[in-house]
Colleague: 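Quick one: structure below, then a few questions.
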Amino acid sequence: MAKYDYVPSPFMSNPIVKWVDHRLPIFEMVDQQLIKYPAPRNLNYWWNFGSLAGVMLVVMILSGIFLAMNYQPSTVAAFDSVERIMRDVNYGWLLRYMHMNGASMFFVVVYIHIARGLYYGSYKAPREILWWLGLLIFLAMMATAFMGYVLPWGQMSFWGATVITNLFSAIPLVGKSIVTWLWGGFSVDNPTLNRFFALHYLLPFVIAGLVLLHLWALHVHGSNNPLGIDAKGPQDKIPFHPYYTVKDAFGLSVFLIIYAYFVFFNPYMLGDPDNWIPANPLVTPPHIVPEWYFLPFYAILRSVPDKLGGVTLMFGAIAILFVLPWLDTSRVRSGRFRPAFRVFFWLFMVVTVTLGWCGSQPPEGMALTIGQICTVLYFLHFLVFLPLLGWFERPLPLPASIAEPVLKSAAK
Amino acid sequence: MRSFRFLLAGVGLALSLGTAAASEGPEIPHQHWSHDGFFGTFDRAALQRGYQVYKEVCSACHSMKQMRFRNLEGIGLDEAQIKAVAAEFETTDGPNDDGEMFQRPSRPSDRFRMPFANDNAARAVNGGALPPDLSLIAKNRKGGENYVVALLTGYADPPEGVTVPEGMHYNKVFPGHMIAMNQPIQDDAVTYADGTKATVDQMAHDVATFLAYAASPHLEARNALGVKVMLFLFVLAGLLYAAKRKIWKGLH
């Protein structure tokens with residue numbers, strides 16, 4: 001994959017490294033893909049969020065494995081086993097809060113990562129497959145997070161699982177059978193909890209596999225950059241190490257401060273109090289809400305009075321992202337040179353955040369109306385605004401190379 | 001750094017969504033708690049008074065399934081005191097060699113005594129209402145321990161035109177305002193060993209402190225470790241920022 005002028009690092013001439021590399025070129029891969037890997041010299045801090053997401057995946061897998069050692073996936077024991085982790089397992093509270101708040105942090109990071117891709121046109125040729133792989137990771141994350149939330153077997157776990165699995169009953173003819181099949185019975189019960197635990201443990205490793213493919217696809221053409229233009233030569237690129245290792249490390253330390261604040265000082269803020277009540281199939285909570293990261297999609301689901309329509313639209317909201325590279329007809333990647341696109345991009349950001357708010361409210365009155373307007377705007381953005389913008393917008397002139405504006409601003 | 005301000009604003013905005021849902025129902029006034037804030041620790045005297053209120057009043061109807069007598073270490077009792085407290089209660093053990101279950105004095109490793117054999121027994125003597133388990137009440141109600149205080153001090157005469165059904169009581173903060181529990185604490189319901197005057201407000205505050213501890217027994221360890229982690233991370237971030245500046249300087 002090394003298409004650039006690769007000069008090996010000094011350690012590559014070490015005899016042991018040479019011996020190993022002759023048999024398995026693992027050092028060469030690290031040297032080419034991580035150390036000497038040429039990255040655009042102008043990446044800003046928005047490009048930190050990919051590596052942050054990778055760190056969060058590792059944190060979630062590690063904390064999750066240790067939690068699983070103490071967790072019991074049965075409707076009788078699940079809630080108490082989680083309490084036992086919190087009270088009696090050494091640093092169990094730390095593991096639990098890292099995992100619980102880690103899910104929220106993972107989604108914050110990934111949403112920012114996706115928004116960065118949207119703004120700078122990172123999904124455009126030749127990075128469409130890279131974009132698809134990212135979306136598959138996002139879908140797998142949503143499934144993992146949903147099933148993970150069921151495991152503590154609190155009230156919201158149970159009722160969230162009931163509401164979401166019931167969505168599949170909207171499918172004509174086979175819907176009801178599919179729901180029974182998903183549950184492993186006629187209601188959300190022990191078999192459901194057991195399989196959700198098995199799948200919740202499996203999916204993160206599927207995500208890890210998808211991440212490897214995502215990185216592979218990334219390293220074929222390299223990162224996009226804030227200017228959205230291709231690198232013209234070696235002067236446009238810098239080796240990943242030390243420049244981006246130190247920049248990513250600094251970003252990570254700042255991110256960890258925010259993460260640690262929630263883990264140590266505000267661990268309950270992002271969760272629903274109802275989930276500290278053991279699941280009770282006979283008592284429905286007055287207001288069933290998913291975790292904050294699903295709220296925009298929840299709002300889209302509820303903005304359609306018809307169940308099948310709502311479900312279709314909710315899945316459509318993500319499915320539409322797969323064809324985004326062709327819906328955006330502009331040949332200019334970066335939003336920096338697209339003044340009209342920028343307006344619609346920020347409008348889209350406001351729309352998604354507003355949808356999130358609507359999702360947190362009972363579906364009635366103003367919240368419902370605003371949710372419906374925003375749902376229409378969400379789809380208009382992809383189906384009408386983006387295709388038309390490519391034709392009507394007059395982009396600003398692009399710089400000749402990546403190095404040119406960087407060196408110019410440094411000279412000032 | 002401009003992008004960083006954006007980032008923080010974005011995170012803040014996203015996170016505030018989660019709390020948006022929490023702003024319904026009657027206003028729960030925020031009390032002052034010694035365990036609030038980055039350096040918060042539980043008020044040991046209040047914890048012990050709160051346990052006394054639980055033991056003498058609440059425990060008649062409310063279980064605390066997650067609590068064992070050894071957890072009283074966190075309210076400031078020593079080993080001998082915990083043993084003595086546990087021995088005041090009896091635990092069913094067995095079966096013995098004859099196959100019989102038997103009663104013995106509780107040990108520190110035993111759970112708090114359950115007031116009722118099962119939920120149905122609890123409902124039967126409480127007019128059909130189930131007194132909730134209190135282990136996590138300070139976490140599973142919006143407002144947490146503030147809600148506990150507001151509820152215990154929220155009994156009042158119903159407003160004009162509201163009729164309270166037989167066996168129910170009017171409460172300002174209980175969802176729907178109709179609560180099966182009669183006002184549980186009146187002035188001087190308990191006699192505090194430390195001479196503190198047992199007003200309703202005082203007892204509500206004390207028992208809420210105890211329930212906050214029961215819901216988050218690790219709170220002090222969490223705060224203590226959190227402060228160290230934060231200090232470490234701030235120093236680390238500073239060093240990494242300096243390193244980043246130095247390394248990137250040669251580039252332009």
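Note that the coordinates shown come from a computational prediction; the quantities given were computed from them, not determined experimentally. In what follows, every chain begins at residue 1, and chains take the letters A, B, ... in the order their sequences are listed.
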Colleague: What part of Leu252(A) lies closer than 4.5 angstrom to a heavy atom of chain B: side chain, backbone, both or neither?
Modeller: neither

Colleague: Determine whether the aromatic ring centres of Tyr268(A) and Trp276(A) lie less than 6.0 Å apart.
Modeller: yes

Colleague: Relative to chain B, which segment of Pro286(A) carries a heavy atom at a distance below 4.5 Å: side chain, backbone, both, or neither?
Modeller: neither

Colleague: Pick one of side chain, backbone, both or neither for Tyr261(A), based on which atoms fall under 4.5 Å of a heavy atom in chain B.
Modeller: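 For Tyr261(A), backbone and side chain are both near chain B.
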
Colleague: How about Phe42(B) and Phe210(B): are their ring centres within less than 6.0 Å of each other?
Modeller: no

Colleague: So for Asp88(A), is it side chain, backbone, both, or neither that comes closer than 4.5 Å to the heavy atoms of chain B?
Modeller: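 For Asp88(A), the contact with chain B is made by the side chain alone.
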
Colleague: Is Ala215(B) close to chain A through its backbone or its side chain, or both, or neither, when contacts mean heavy atoms under 4.5 Å?
Modeller: backbone

Colleague: By a 4.5 Å heavy-atom criterion (distance strictly below it), what part of Ala214(B) contacts chain A: side chain, backbone, both, or neither?
Modeller: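 Backbone only.
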
Colleague: May I ask you to check whether Phe250(A) and Trp248(B) place their ring centres under 6.0 Å from each other?
Modeller: no

Colleague: Would the Phe138(A) and His113(A) ring centres measure less than 6.0 Å apart?
Modeller: no

Colleague: How about Tyr293(A) and Tyr111(A): are their ring centroids closer than 6.0 Å?
Modeller: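 Ring-ring flag for Tyr293(A)/Tyr111(A): false, centres at least 6.0 Å apart.
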
Colleague: Chain A heavy atoms under 4.5 Å from Arg245(B): which part of the residue, side chain, backbone, both or neither?
Modeller: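 Contact with chain A involves no heavy atom of Arg245(B) at all.
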
Colleague: Name the region of Phe234(B), side chain, backbone, both or neither, that has any atom closer than 4.5 Å to a heavy atom of chain A.
Modeller: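 For Phe234(B), heavy atoms of backbone and side chain both lie under 4.5 Å from chain A.
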
Colleague: Which atoms of Val109(A) are under 4.5 Å from chain B, going by heavy atoms: the side chain, the backbone, both sets, or neither?
Modeller: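 Neither part; nothing is under 4.5 Å.
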
Colleague: Indicate yes or no: does Asp248(A) engage Lys244(B) in a salt bridge with an N to O separation below 4.0 Å.
Modeller: no

Colleague: Salt-bridged, Glu220(B) to Arg44(B), with N to O below 4.0 Å?
Modeller: yes

